[in-house]
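Structure record follows, encoded as structure tokens.
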Amino acid sequence: MKKLFGAILLAAGLTFPSQAAVNIVVDGSTEYYDFDGEQTGNDIPKNWFESKLLDAGFDNLVQGATLETTTAGSFHFYLLGAESAYRNSFSVNGEQLFQENAGQSNVAWQGWTNTWLGSFGVGAATALNGSIFQFDSVQGVKNTGLGAQEFGIYHIGGVNDLNGHTSLIFAFDDNGADVDDNHDDLVILAKFIAAVPEPATWLMMIMGFGLVGIAARRRERTSVSVA
């Protein structure tokens, strides 16, 4: 029985890759905020989408942070809304995914996955810096990427829960850092989804199930011989 159980555990380890996730990387310049002030003492000023974010558990904001992946996968981006003082845009790896129209001063709440913008694939253990994800504005702050104070990341959990995220919210402060710090001028949902297993992974999965079958057969034969 122990051998069978051990084989099942081994097969499970071979069969299922590690959970796709993204870690938030902070340094000495990182600032933390939350909606109620209980964890950091810095309360986010009025945010247009505060109730929507809180309902979904996104009650913490990190500004000045970068990201890293723990496994290969892809980011899927959705427009959530904008309370913009200026015409804002969002780009991924140099490709613009969204641009506010001329004369457009804000974008109402779009729903969590109603407005698809695009996707971006990354490898395992990939460091993501300011040149990958960027906000920009026509009249305000220019070319703001990860690591800048104007580039906010809302996440679920406390200020110390920086690892293992599969959903993050990228949010822009287009009038400069420490002006209002509410990061709602352009708000983008970034969902991280694991990559489809490669052929080598499928082979390992088959081997894992094979180990379970061999262990079960040996156990059956042993039981018969003892009887």
Side-chain angles (χ1 to χ4, degrees), residues 18-26 30-71 73-85 88-92 97-98 100 106-122 128 132-135 144-174 180-194:
S18 59
Q19 182 181 4
V22 179
N23 297 334
I24 300 172
V25 181
V26 301
T30 302
E31 296 183 14
Y32 302 87
Y33 295 84
D34 65 20
F35 280 111
D36 52 24
E38 293 177 352
Q39 297 171 353
T40 67
N42 296 314
D43 188 39
I44 298 174
K46 180 63 178 177
N47 181 296
W48 264 38
F49 312 113
E50 179 176 339
S51 62
K52 303 291 185 181
L53 299 180
L54 284 175
D55 287 345
F58 289 94
D59 58 348
N60 280 276
L61 169 70
V62 179
Q63 58 182 39
T66 57
L67 301 174
E68 66 178 9
T69 61
T70 61
T71 187
S74 60
F75 286 91
H76 292 234
F77 300 103
Y78 303 86
L79 173 65
L80 295 183
E83 187 278 307
S84 48
N88 298 327
S89 62
F90 176 67
S91 299
V92 175
L97 299 187
F98 174 75
E100 289 181 275
N106 57 68
V107 178
W109 182 259
Q110 302 295 297
W112 286 104
T113 57
N114 291 341
T115 307
W116 161 261
L117 297 180
S119 61
F120 178 67
V122 294
L128 301 169
I132 303 298
F133 306 137
Q134 287 194 331
F135 288 110
T144 300
L146 283 170
Q149 296 297 305
E150 296 89 350
F151 195 118
I153 303 173
Y154 289 100
H155 66 91
I156 295 174
V159 296
N160 295 318
D161 298 325
L162 301 176
N163 299 326
H165 295 281
T166 55
S167 290
L168 297 169
I169 292 176
F170 297 162
F172 188 28
D173 184 359
D174 65 7
D180 55 18
D181 283 328
N182 56 4
H183 289 82
D184 62 356
D185 296 314
L186 180 54
V187 184
I188 305 291
L189 173 64
K191 294 178 66 67
F192 187 71
I193 300 175

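Side chains are part of it too, since the values below use all heavy atoms of this structure and drop only hydrogens, waters and symmetry mates.
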Inset, instruction - Please check if the side chain of Gln134 supplies one atom and the backbone of Ile132 the other of a donor-acceptor pair under 3.5 Å. - result: no
Inset, instruction - Kindly indicate whether the side chain of Glu83, heavy atoms from C-beta on, has any atom under 4.5 Å from the side chain of Asp185. - result: yes
Legend entry - Asp184 and Leu53, any side-chain heavy atoms less than 4.5 Å apart: no
Inset, instruction - Check step by step if side chain to side chain contact (heavy atoms under 4.5 Å, CB included) holds for Tyr32 and Val26. - result: CA-CA 10 Å; Tyr32 302 87; Val26 301; 3.5 Å; yes
Legend entry - Close side-chain approach of His155 and Leu162, heavy atoms under 4.5 Å: yes
Legend entry - CG (Asp55) with more than 12 external heavy atoms under 6.0 Å: yes
Inset, instruction - Report yes or no: does Asp161 contribute a side-chain atom to a donor-acceptor pair with the main-chain N or O of Gly158 at less than 3.5 Å? - result: yes
Legend entry - Phe77 and Phe90: CA distance, side-chain angles, deciding distance, ring pair (Phe, Tyr, Trp, His ring centres under 6.0 Å) verdict: CA-CA 10 Å; Phe77 300 103; Phe90 176 67; 5.4 Å; yes
Legend entry - Pairwise distance CD(Glu150) to CG(Asp173) - rounded to 0.5 angstrom: 6.5 Å
Legend entry - Residues which pass side-chain hydrogen bond (donor to acceptor under 3.5 Å, both in side chains) with Glu68, listed by chain and number, not counting sequence neighbours: Asn23
Inset, instruction - Would you please indicate yes or no on a ring centroid separation below 6.0 angstrom for Phe58 and Phe49? - result: no
Inset, instruction - Please test Thr71 against Phe192 for side chain to side chain contact (heavy atoms under 4.5 Å, CB included), starting from the C-alpha separation and ending with a verdict. - result: CA-CA 10 Å; Thr71 187; Phe192 187 71; 4.2 Å; yes
Inset, instruction - Look up atom CG in Leu67 and atom CD1 in Ile24, then write down how far apart they are to the nearest 0.5 Å. - result: 6.5 Å
Inset, instruction - Mind listing the closest non-hydrogen atom pair of Lys191 and Tyr78 along with its distance? - result: CD-CE1, 3.9 Å
Inset, instruction - Nearest 0.5 Å please: distance from the CG atom of Asn106 over to the CG atom of Leu186. - result: 11.5 Å
Legend entry - Flag side-chain contact, heavy atom, 4.5 Å: Val22 against Thr70: no
Legend entry - Minimum heavy-atom distance Gly164-Ala21, with the two atoms named: CA-CB, 3.6 Å
Inset, instruction - Identify the heavy atoms of Gln149 and Gly64 that sit nearest to each other, and give their distance. - result: NE2-CA, 3.5 Å
Inset, instruction - Mind running side chain to side chain contact (heavy atoms under 4.5 Å, CB included) on Tyr33 and Gln63 for me, showing each step along the way? - result: CA-CA 8 Å; Tyr33 295 84; Gln63 58 182 39; 3.7 Å; yes
Inset, instruction - Output yes when a side-chain donor or acceptor of Tyr154 lies under 3.5 Å from a complementary backbone atom of His183, and no otherwise. - result: yes
Inset, instruction - Can you see which heavy atom on Ile188 is nearest to which on Phe135, and at what distance? - result: CG1-CE2, 4.0 Å
Legend entry - Phe75/Phe133 aromatic ring centres below 6.0 Å: yes
Legend entry - Candidates Phe120, Phe151, Phe98 - the one meeting ring pair (Phe, Tyr, Trp, His ring centres under 6.0 Å) with Phe170: Phe151
Legend entry - side-chain hydrogen bond (donor to acceptor under 3.5 Å, both in side chains) against Ser74, all qualifying residues, sequence neighbours excluded: His76
Inset, instruction - Consider only side-chain N and O atoms of Asn88 and Asp174, and report whether a donor and an acceptor are under 3.5 Å apart. - result: yes
Inset, instruction - Kindly compute the distance separating CG (Leu79) from CH2 (Trp112), expressed to the nearest 0.5 Å. - result: 12.0 Å
